[in-house]
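Owing to the predicted nature of the structure, the values given are computational and were not obtained by experimental measurement.
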Amino acid sequence: MGNFPEFDVDLVMFDLDGTLLDTAGELTDAVNDTLTELGHRPVTEAQVRDWIGNGTRELLVSALAEATGLPRETLRGSPVLTQAASVFDPCYEKRCGTRSQAYPHALDLLHQLRARGTQLAVVTNKDSRFTHRLLAHHQLALLLDLVVCGDSVARKKPAPDGILLCLSQCRVTLARALFV
């Protein structure tokens, strides 16, 4: 495998799910555990892959909309979503780290950037208890200077709060940083 291209930056921030780690399998399992417990039909892994990226609540909104036929707008803020969220957490606690895997070359990239002296961070919507478990399981934790989780900031991505916190704590300007 060849070297990765040069980047003229001091900090590279990575999303976690779908960027460094493929967690769709275990998220699908946890979503389907939740749906089954609530008496709904399961969804496919392909569907879950499409829904990943906006946090657990939106993932559950999409899964519940598919499983129940209710509109997403109706589900947001509803007791159905609140119940699903309370069921999902222990389901994901059980599944977290069971079927996830690092994407090919993700570790190589982190090692090469680290060797160049680049600061590395993860900025994710995932809660810290799950994030840190996955980072440790996949031996990524020691490569990172900072981890900003969804429960570390007032507003999750796509709001800029996590990135701004990361820039501030790493003491890097926006012009010297890259978000992947």
Side-chain angles (χ1 to χ4, degrees), residues 4-24 26-28 30-31 47-65 71-73 75-78 81-82 84-85 88-89 92-93 96-97 100 102-103 105-138 140-180:
F4 292 97
E6 289 292 325
F7 294 105
D8 190 24
V9 296
D10 299 318
L11 168 67
V12 179
M13 299 168 281
F14 294 90
D15 190 12
L16 186 60
D17 295 286
T19 303
L20 290 177
L21 297 178
D22 181 355
T23 56
E26 64 194 36
L27 283 169
T28 300
V31 165
Q47 289 172 309
V48 170
R49 282 185 187 283
D50 288 342
W51 300 330
I52 292 173
N54 294 311
T56 302
R57 290 189 71 77
E58 283 302 308
L59 173 61
L60 289 172
V61 164
S62 296
L64 287 166
R72 284 179 168 78
E73 298 75 30
L75 289 164
R76 287 189 185 96
S78 74
L81 178 60
T82 303
F88 177 83
D89 279 354
Y92 189 54
E93 183 79 40
C96 185
S100 57
Y103 282 105
H105 309 299
L107 280 171
D108 293 336
L109 174 61
L110 293 176
H111 282 290
Q112 285 191 23
L113 289 169
R114 170 63 67 212
R116 294 177 185 168
T118 306
Q119 291 184 77
L120 302 174
V122 162
V123 180
T124 179
N125 282 338
K126 189 179 287 296
D127 283 354
S128 56
R129 63 189 164 135
F130 301 127
T131 299
H132 293 292
R133 184 172 168 181
L134 284 169
L135 292 173
H137 178 77
H138 293 286
L140 298 173
L142 295 176
L143 295 170
L144 301 171
D145 296 291
L146 183 65
V147 177
V148 178
C149 302
D151 54 355
S152 305
V153 291
R155 298 177 302 157
K156 296 179 180 186
K157 296 178 299 171
D161 300 27
I163 290 172
L164 295 173
L165 176 63
C166 189
L167 291 169
S168 172
Q169 290 196 3
C170 290
R171 298 177 185 197
V172 175
T173 64
L174 183 58
R176 301 289 306 160
L178 176 67
F179 181 75
V180 179

Would you name the heavy atoms of Asp145 and Thr118 that are closest together and state the gap between them? OD2-O, 4.3 Å
As a quick check of understanding, evaluate side-chain contact (heavy atoms from CB on, under 4.5 Å) for Leu16 and Leu135, giving each step before the final call. CA-CA 9 Å; Leu16 186 60; Leu135 292 173; 3.9 Å; yes
For residues Ser100 and His138, is any side-chain donor paired with an opposing acceptor at under 3.5 Å? yes
All heavy atoms of Val172 vs all of Arg176, minimum pair found to be CG1-O, 3.6 Å
Approximate separation, where rounding is to 0.5 Å, of Leu134 CG and Asp17 CG: 7.0 Å
At their closest point, which heavy atom of Ala102 faces which heavy atom of Leu21, and how far apart are they? CA-CD2, 3.6 Å
So does Asp151 pair up with Lys126, basic N to acidic O under 4.0 Å? no
Give, for atom OG of Ser152 and atom CG of Asp161, the distance between the pair rounded to the nearest 0.5 Å. 11.0 Å
Would a 4.5 Å heavy-atom cut-off, applied to side chains only, mark Phe14 and Leu113 as touching? yes
Main-chain N/O of Glu93 paired with Arg133 side-chain donor or acceptor, under 3.5 Å: yes
Got Glu58 and Asn125 here, is their nearest side-chain heavy-atom distance under 4.5 Å? no
Between Ala65 and Leu75, what is the shortest heavy-atom contact and its length? N-CD1, 3.3 Å
When every non-hydrogen atom of Leu143 is compared with those of His111, the smallest separation belongs to CD2-CE1, 3.5 Å
Which atom of Phe130 lies closest to which atom of Cys96, heavy atoms considered: O-SG, 3.8 Å
Between the CG atom in Leu59 and the CG atom in Asp50, the distance rounded to the nearest 0.5 Å is 11.0 Å
Electrostatic pair Asp22-Arg49, nearest N-O below 4.0 angstrom: yes
Do Leu27 and Phe88 make a side-chain contact, defined as non-hydrogen atoms from C-beta onward lying under 4.5 Å apart? yes
Interatomic spacing from CG in Leu167 to CZ in Phe179 - rounded to 0.5 Å: 10.5 Å
Interatomic spacing from CZ in Arg114 to CG in Leu120 - rounded to 0.5 Å: 4.5 Å
Separation between CG of Leu165 and SG of Cys170, rounded to the nearest 0.5 Å: 9.0 Å
Walk me through whether Thr28 and Trp51 qualify under side-chain contact (heavy atoms from CB on, under 4.5 Å). CA-CA 10 Å; Thr28 300; Trp51 300 330; over 6 Å; no
